[in-house]
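This report concerns only the one structure given below.
Letters go in sequence order (proteins before strands), and every chain restarts at 1.
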Amino acid sequence: MSEMPGDLEYTKEHEWLRREDDGSVTVGITDHAQAQLGDLVYVELPEIDQELEAEGEMAVVESVKAASDVYAPVSGVVVAVNHDLTDDPESINTDPYGDGWIVRIQPSDDLDSADLMSPDEYQAMLDELDA
Amino acid sequence: MTQKTVLFDKHQVAGARMVDFGGWDMPVNYGSQKDEHHAVRNNAGMFDVSHMTIVDLSGERTQEFLRYLLANDVARLEIPGKALYSCMLNESGGVIDDLIVYFFASSNFRLVVNAATRDKDLAWIRQHAEGYDVRVNERIDLAMIAVQGPNARELAAPLIDELWRADALALKPFTAMYAGEFFVARTGYTGEDGWEIVMPNASAAAAWEQLLAAGVAPCGLGARDTLRLEAAMNLYGNDMDESVSPLESGLGWTVAWDPADRAFIGRAALEAEAAAGGLRRVVGLLLEGTGVLRGGQKVIVDGVGEGEITSGGYSPTIERSIALARVPAGAYERAKVDIRGKLKDVRIVATPFVRNGKIRIEI
């Protein structure tokens, strides 16, 4: 059973997104995603000010098993990256919704038009994957 | 439809993440793969390797048959129980599989071959055994648990009946013996000391439970892969296959050229290849910076040519990324690897990377 905070939104690629008060969004990968990947050993982060396109490659997370792309859930500009992941990629395993955040993006489009799921919708998708 | 080993229920109870491996539903990790890796390096871990194919060969001409079938020479085995690592080649010198052969008598040997290559291996062995009147008996009635680590033998010893326990603990590396219904071999695929224990299917669950109670950590295929990579042991299908010879797979040492009149399958092709020269070689790579080397990535050697990583990954012991790569002939110490379009510096290092818990390369 994966942990899943109720105040976040989710993508079909297993990223989570939190709307911040300043209009930016913080993005990471879900508990389900980190469990699938196994122990994280390396994270390739985007540059600050880099422009991202929704569903385009944003970062790469590498576990002991494999490399996996992380996709931008929305279009926008990178305003912050979690440099702590360089030395401590495992915080994605231990705290995927907290210390394991990956980037903060200033969205260029209206968020309500983005393809995002509520916690219930994401849970339903996971249930279907398990079935 | 995947097959299940007799320990499948034990893996489920232990919370294993399962994966299809060569047609078998096998545990890839139970909890943290890194913890499993360190358990083997520092104490003891166990692997269900019951998916591997055990084949007993018997008949008067078995030794003669194996001297024809295998690139290494079983005539080197003189003490009963002694084991030998060998490649089984096709006529063009490509590797059909790598295996361990155990010697008991010139009329009695045991082979342990890979699970993913079972069908073609058995077909090949049977096809050639016919002419030698050798009986080929696949032992689907047997399970196998590999117990590996500096404390592995001590922790596993209580499994062995007292009658044979002292003898089992006295086994030399790459040697095996029967201990009642158990077959104990001081072999493994991790670069650590330990045993591979073959037993009747019906005894496996109790043995697993006993090892668990003794503090031996269940380990999955994930840790098995990082451990064997640190030990620079080849993985069939990654580091070699039917398209390459052992001479270009870092396995030239397993080819027994002497005596010159032993006409094993693939010999003529290997001799022609060796005579032609310019063979690619397999080297160890250490990534200088951050990132992870993976199989299939291109290796670029300035002024020499290009090669390819055959196995790569993160080394939990060294805490850097390491790889095995097939590269062009020549003397050089540095190369670059193309990781997702970025060229990263790697150093060529002597393998193994890690052996018996110790890092063997200059960091």
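B:H51 and B:F21 have perpendicular rings, their planes meeting at more than 60° on a 0 to 90° scale where under 30° would count as parallel. Classified by interplanar angle (parallel below 30°, tilted 30° to 60°, perpendicular above 60°), the ring pair B:H11/B:W208 is perpendicular.
Per-residue heavy-atom pair counts under 4.5 Å with chain A were compared for B:S321, B:S32, B:G222, B:P316, and the maximum is reached by B:S32. Between chain B and the residues A:T86, A:V60, A:N93, the largest count of heavy-atom pairs under 4.5 Å involves A:V60. Counting heavy-atom pairs under 4.5 Å between each of B:N29, B:D35, B:V292, B:V28 and chain A puts B:V292 at the top. Of the listed residues B:E319, B:K34, B:R294, the one with more heavy-atom pairs under 4.5 angstrom with chain A than any other is B:R294.
Side-chain contact of B:T2 with B:D20: a donor-acceptor pair under 3.5 Å is absent, judged by distance alone.
With a 4.5 angstrom heavy-atom cutoff, A:E62 touches chain B via backbone and side-chain atoms both. There is no contact between A:V43 and chain B, counting heavy-atom distances below 4.5 Å. With a 4.5 angstrom heavy-atom cutoff, A:Q36 touches chain B via backbone and side-chain atoms both. The contact between A:S63 and chain B is made entirely by backbone atoms, counting heavy-atom distances below 4.5 Å.
Residue B:R41 comes nearest to B:L227 through the heavy atom pair NH2-O, 3.2 Å, listed as atom of the first residue, atom of the second, then distance.
Comment: B:R340 does not engage A:D69 in a salt bridge, judged by the lack of any side-chain N to carboxylate O separation of less than 4.0 angstrom. A salt bridge links B:K10 to B:E209: one of the charged nitrogens lies within less than 4.0 Å of a carboxylate oxygen.
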